[in-house]
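Predicted, not measured: the structure shown is a model, and the values here were computed from it. Computed over heavy atoms, backbone and side chain alike; hydrogens, waters and symmetry mates excluded. Naming: A, B, ... by sequence-line order, numbering from 1 per chain.
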2 protein chains.
Amino acid sequence: MDIFEPVQVDPAYRRIAAAVEEKVMAGTLKDGDPLPGEVHLARQFAVNRSTVREALRELQSKGLITRRPGSKRLRIAHPRTADVASGVSRALALGGVTFYEVWEAMMIVEPQTAALAARKRDADQLEELTQLIARFEAAGGNSREAVATVVDFFRALARSSQNEVLVLAQAPLTRLLSPTLAQMIDQVPQARTRIIEAQRKLLAAIGKGDGEQARIWMEKHIRDFRRGYELAGISADDQVTV
Amino acid sequence: MDIFEPVQVDPAYRRIAAAVEEKVMAGTLKDGDPLPGEVHLARQFAVNRSTVREALRELQSKGLITRRPGSKRLRIAHPRTADVASGVSRALALGGVTFYEVWEAMMIVEPQTAALAARKRDADQLEELTQLIARFEAAGGNSREAVATVVDFFRALARSSQNEVLVLAQAPLTRLLSPTLAQMIDQVPQARTRIIEAQRKLLAAIGKGDGEQARIWMEKHIRDFRRGYELAGISADDQVTV
DNA sequence: ATCTGTCGGATTGTCCGACAAAATGCCGCC
DNA sequence: GGCGGCATTTTGTCGGACAATCCGACAGAT
């Protein structure tokens with residue numbers, strides 16, 4: 001009986017967006033290429049400017065086109081990690097994901113990422129990690145800055161794994177954790193020193209290229225997070241927020 | 001010297017989108033709630049309908065509002081896994097991620113996910129996995145259908161882990177792998193039987209609640225993928241595509 | 001030669017009004 | 001109560017308009 005699929009007539013703005021997206025994905029339009037002006041596009045697609053603009057908004061929110069600050073021209077862009085990660089965390093938060101689920105995912109991803117990083121890191125990244133530890137120590141009572149540093153540390157570590165997929169997978173996790181992380185750093189006195197210790201051990205292991213040690217310390221580090229959260233009175237069943 | 005940050009004045013359509021998004025995230029607008037009509041919104045925001053429409057396109061592409069098929073009314077929606085995953089895979093493909101990176105990420109995520117699934121699965125999910133194996137066997141020479149089944153198997157397995165984060169993390173990976181997976185199934189004769197064997201062993205381990213066995217078999221399964229790709233003449237350094 | 005002020009053209013952000021097609025709602029009818 | 005038909009609403013798209021502002025060029029000042 002179901003021979004016919006529901007016919008789908010996409011509105012013009014959607015097809016225009018799709019056309020541009022297709023050209024971007026195919027590499028015809030490369031990163032940084034300037035997009036023609038709206039009137040020009042409207043003429044090309046034989047469509048009204050308002051219609052083009054709706055298509056552009058869609059592409060813009062996908063991160064496929066962007067405007068350099070203080071400029072009018074739209075340019076082709078490749079979505080940055082931040083763009084995508086924010087979408088993922090939004091979806092997870094709306095999906096009612098609990099703190100435990102995020103933590104569990106981190107327990108799976110981070111230790112192995114650390115192990116990889118230990119094997120693949122280069123000198124620059126080692127240097128960056130070192131500086132981030134210093135920055136965390138310097139942050140002192142400023143919990144916002146402290147959290148930002150921890151997040152940066154995780155990200156730098158993921159980048160050291162030389163695997164862009166892991167960088168992207170990890171970004172939403174830290175983003176979802178950071179609000180409560182701030183809370184924890186404020187309320188649990190020993191949190192700061194434990195974080196520093198873990199980061200130092202991680203750095204040492206990564207510096208030596210000792211993947212197994214890195215993995216073990218990262219596991220402790222993440223486990224510590226959970227203990228810290230419990231001490232701060234945050235339940236594992238609480239839903240994460242953005 | 002750099003005392004002043006670049007001043008940013010968001011255009012109206014962006015602030016409107018942000019206003020709606022804020023209400024969604026705060027839970028004021030819940031999933032399924034109908035959105036007022038465009039003219040109504042335009043009056044509320046004291047702005048032209050065209051401006052509202054641009055804001056709506058942006059929200060739409062974020063998956064925060066959607067239209068039920070064959071309906072005119074826009075409704076608040078929570079982004080589904082598919083929405084977000086497509087954005088992630090787009091970003092990864094544009095980022096020039098290689099097949100090896102995706103594979104490596106899968107080697108990290110999937111075995112542990114399988115182990116979790118073995119511990120947490122319920123009867124329904126076990127049943128679903130069983131049927132998916134049957135569907136794969138039935139697919140026969142239809143490589144499109146076969147690939148779709150493999151992807152569904154991975155997804156069902158991730159869902160069995162009862163961890164929505166893992167479901168979301170895994171979706172882009174299989175999506176990026178599937179084009180080449182089809183190629184491989186077509187070209188490597190023994191691929192099909194090996195996949196079936198791995199799926200059966202996985203199902204058995206998960207059925208018994210044996211996490212360790214599930215982990216081991218998933219590891220073999222993923223490793224097999226790589227061998228299969230090599231046999232099909234796909235280099236690990238090839239960039240993935242969507 | 002470099003910096004500054006100015007000017008015209010191009011482009012964007014926003015508005016207005018309009019219309020056909022499709023969906024929704026209402027109403028009378030069976 | 002269910003159903004067909006008509007009026008109303010809503011969306012998709014169009015055309016045109018205007019102020020703000022960015023861009024590039026050009027001339028004048030230091």
**Request:** Using atom NE2 of His40(A) as one end and atom C1' of dT11(C) as the other, report the distance to the nearest whole Å.
**Result:** 13 Å
**Complete:** note: Arg43(B), atom CZ; dC16(C), atom C1'; distance rounded to Å ~ 15 Å
**Message:** Nearest whole Å is fine: how far is dA23(C) C1' from Leu74(B) CG?
**Reply:** 13 Å
**Asked** Using a heavy-atom distance cut-off of less than 4.0 Å, which residues of residues 14-24 of chain A contact DNA chain C?
**Response** none
**Fill in**
Quick tally for nucleotides 14-21 of chain D: nucleotides whose base has a protein heavy atom under 4.0 Å get B, sugar-phosphate-only ones S, the rest -, giving BB-B--BB
**Message:** Between Arg67(B) and dG12(D), is there a contact of a side-chain N or O with OP1 or OP2 at under 4.0 Å?
**Reply:** yes
**Message:** For a quick check under 3.5 Å, do Thr98(B) and Glu101(B) share a side-chain donor-acceptor pair by atom type?
**Reply:** yes
**Asked** Listed by chain and number, what are the salt bridge (Lys or Arg N to Asp or Glu O under 4.0 Å) partners of Glu54(A), not counting sequence neighbours?
**Response** Arg53(B), Arg57(B)
**Fill in**
Asp10(B) atom CG is separated from dT14(C) atom C1', nearest whole Å, by 15 Å
**Prompt:** Taking atom C1' of dA23(C) as reference, at what distance in whole Å does atom CZ of Arg73(B) sit?
**Reply:** 10 Å
**Item:** Heavy-atom neighbours of Arg80(A) CZ exceed 12 at 6.0 Å
**Value:** no
**Request:** Would you indicate, yes or no, if dG13(C) has its OP1 or OP2 atom less than 4.0 angstrom from a side-chain nitrogen or oxygen of Arg53(A)?
**Result:** yes
**Prompt:** Between Asn163(A) and Ser161(A), is any side-chain donor less than 3.5 angstrom from a side-chain acceptor?
**Reply:** no
**Asked** Between dA22(C) atom P and Glu38(B) atom CD, what is the distance in whole Å?
**Response** 17 Å
Under 3.5 Å, side-chain donor or acceptor atoms of residues 144-155 of chain B against the rest of the protein: list the pairs with distances, not counting sequence neighbours.
unit_1	atom_1	unit_2	atom_2	d
Glu145(B)	OE2	Arg135(B)	NE	3.1
Thr149(B)	OG1	Glu145(B)	O	2.6
Asp152(B)	OD2	Arg135(B)	NH1	3.4
Asp152(B)	OD2	Arg135(B)	NH2	3.4

**Request:** State which residues pass salt bridge (Lys or Arg N to Asp or Glu O under 4.0 Å) with Arg192(A); sequence neighbours excluded, sorted by chain then number.
**Result:** none
**Message:** Expressed as a whole number of angstroms, how long is the span from Leu56(A):CG to dT12(C):P?
**Reply:** 8 Å
**Message:** Angle between the two end axes of the helix from dA1(C)-dT30(D) to dC30(C)-dG1(D), five base pairs per end, rounded to 10 degrees?
**Reply:** 30°
**Fill in**
note: Phe45(A), atom CZ; dT13(D), atom P; distance rounded to Å ~ 13 Å
